[in-house]
Amino acid sequence: MIRNYSLIRSIFATSLATFLLIGFLACGGGSGKGGGNPPPPAATTLMQFKLGDAESDRVLSFTATLDSLALVSSSGKITNLLASPMTVELTRTAGKMQTLAQLQIPQGSYTAVNYQVSNIYITAWDVPYNAFSDFTDTGSMPGSITLNPSIIVGATPQIVYLDLNLRDSISFDNNGDILVDPQ
């Protein structure tokens, strides 16, 4: 009977020591990182991002898939604004902005917007030919726009308007092909 008591006590002591060791390591006690509390998460602010364009007599339709849209902080950190790709048609907004995203953004300074679009479909007035011309590009077009001045995200919620300026972004070459240069 004493032998069983010793065996039970030994198993209990070994189990207790194992659980304490696992708990100690899980809490970071044996990690060699100096212990202490983890740094607090960065403060965020609710931001709303809207996309649109002013009315244009030359652009009849402009549809594209916005594959990605991200803010780039002054330290180079990327903050994605879209959960998934979305198709936008800008001429139907005719001077009104449509909401792209509403999300928490880390506070700080942002110096650029990175984007990637695909499946571009445009119908625009070709002045030299005095007719509407169509342009289709199913490929992907990445780009970056420098923000000058930078967007400063503080503690106050904001709305950021992204105006594409289609009238100045679309032109025609000598062959009548539509050229897209985001402005």
Side-chain angles (χ1 to χ4, degrees), residues 33 36-125 127 133-173 177-183:
K33 294 183 181 177
N37 294 329
T44 62
T45 300
L46 183 64
M47 303 283 290
Q48 187 176 79
F49 294 86
K50 294 185 173 221
L51 179 70
D53 189 43
E55 294 182 58
S56 174
D57 293 336
R58 287 187 50 214
V59 181
L60 183 63
S61 71
F62 183 99
T63 303
T65 300
L66 188 54
D67 296 314
S68 66
L69 186 67
L71 287 176
V72 181
S73 73
S74 56
S75 65
K77 184 177 179 201
I78 304 292
T79 301
N80 291 318
L81 302 178
L82 299 179
S84 62
M86 64 186 305
T87 300
V88 293
E89 203 297 318
L90 293 173
T91 54
R92 70 174 175 82
T93 60
K96 297 179 182 137
M97 297 287 186
Q98 63 184 7
T99 300
L100 285 178
Q102 182 170 313
L103 62 158
Q104 295 287 334
I105 301 294
Q107 293 178 5
S109 175
Y110 293 89
T111 58
V113 175
N114 290 346
Y115 64 87
Q116 183 161 327
V117 295
S118 62
N119 302 317
I120 301 169
Y121 300 99
I122 302 169
T123 301
W125 187 256
V127 175
S133 293
D134 293 323
F135 171 83
T136 301
D137 187 347
T138 57
S140 184
M141 183 176 84
S144 184
I145 299 169
T146 300
L147 300 173
N148 188 9
S150 300
I151 293 175
I152 306 299
V153 178
T156 305
Q158 300 178 49
I159 299 174
V160 176
Y161 296 97
L162 304 171
D163 185 349
L164 292 184
N165 192 5
L166 290 177
R167 182 179 65 217
D168 294 335
S169 298
I170 297 172
S171 61
F172 293 86
D173 66 11
D177 294 328
I178 295 177
L179 304 173
V180 179
D181 181 24
Q183 300 294 315

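Heavy atoms only: backbone and side chains are in, while hydrogens, waters and symmetry mates are out.
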Peer 1: Could you state the interatomic distance from CG (Leu103) to OG1 (Thr79), rounded to the nearest 0.5 Å?
Peer 2: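 Atom-to-atom, Leu103:CG and Thr79:OG1 are 8.5 Å apart.
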
Peer 1: Nearest 0.5 Å, please: how far is OG1 in Thr87 from OH in Tyr121?
Peer 2: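 Result: 9.0 Å between the selected atoms.
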
Peer 1: Name every donor-acceptor pair, under 3.5 Å, that has one atom in a side chain of residues 105-112 and the other anywhere in the protein, sequence neighbours excluded.
Peer 2:
from, atom 1, to, atom 2, distance (Å)
Gln107, NE2, Thr45, OG1, 3.0
Gln107, NE2, Gly154, O, 3.4
Tyr110, OH, Pro106, O, 2.6

Peer 1: Evaluate the side-chain proximity of Val88 to Val117: yes if any heavy-atom separation is below 4.5 Å, no if none is.
Peer 2: no

Peer 1: Name all residues meeting the side-chain contact (heavy atoms from CB on, under 4.5 Å) criterion together with Ser84; count only those two or more places apart in sequence or in a different chain, and write none if there are none.
Peer 2: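 Not a single residue meets the side-chain contact (heavy atoms from CB on, under 4.5 Å) criterion with Ser84.
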
Peer 1: Would you give the length of the straight line joining atom CD of Glu89 to atom CD of Gln98, rounded to the nearest 0.5 angstrom?
Peer 2: 8.5 Å

Peer 1: CD/Gln158 to CZ/Phe49 distance, rounded to the nearest 0.5 angstrom?
Peer 2: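 Gln158 atom CD to Phe49 atom CZ measures 8.5 Å (nearest 0.5 Å).
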
Peer 1: For Ser68, what residues pass the side-chain hydrogen bond (donor to acceptor under 3.5 Å, both in side chains) criterion, not counting sequence neighbours?
Peer 2: none

Peer 1: At what distance, to the nearest 0.5 angstrom, does OG1 of Thr65 lie from CG of Asn119?
Peer 2: 4.0 Å

Peer 1: Hey, does Leu69 have a side-chain heavy atom less than 4.5 Å from the side chain of Leu51?
Peer 2: no

Peer 1: Determine whether Asn114 and Ile78 make a side-chain contact, defined as any pair of heavy atoms from C-beta on separated by less than 4.5 Å.
Peer 2: yes

Peer 1: Among residues two or more places apart or on two chains, list those pairs meeting side-chain hydrogen bond (donor to acceptor under 3.5 Å, both in side chains) that have a residue in residues 145-156.
Peer 2: none

Peer 1: Who passes side-chain contact (heavy atoms from CB on, under 4.5 Å) against Thr44, sequence neighbours left out?
Peer 2: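 Expected list: Gln104.
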
Peer 1: For Ser118, enumerate each residue passing the side-chain hydrogen bond (donor to acceptor under 3.5 Å, both in side chains) test, keeping only those at least two apart in sequence or located in another chain.
Peer 2: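 Counting only residues at least two positions away or on another chain, Ser118 forms a side-chain hydrogen bond (donor to acceptor under 3.5 Å, both in side chains) with Asp67.
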
Peer 1: How long is the straight-line distance from CD of Gln48 back to OG1 of Thr99, given to the nearest 0.5 Å?
Peer 2: 4.0 Å

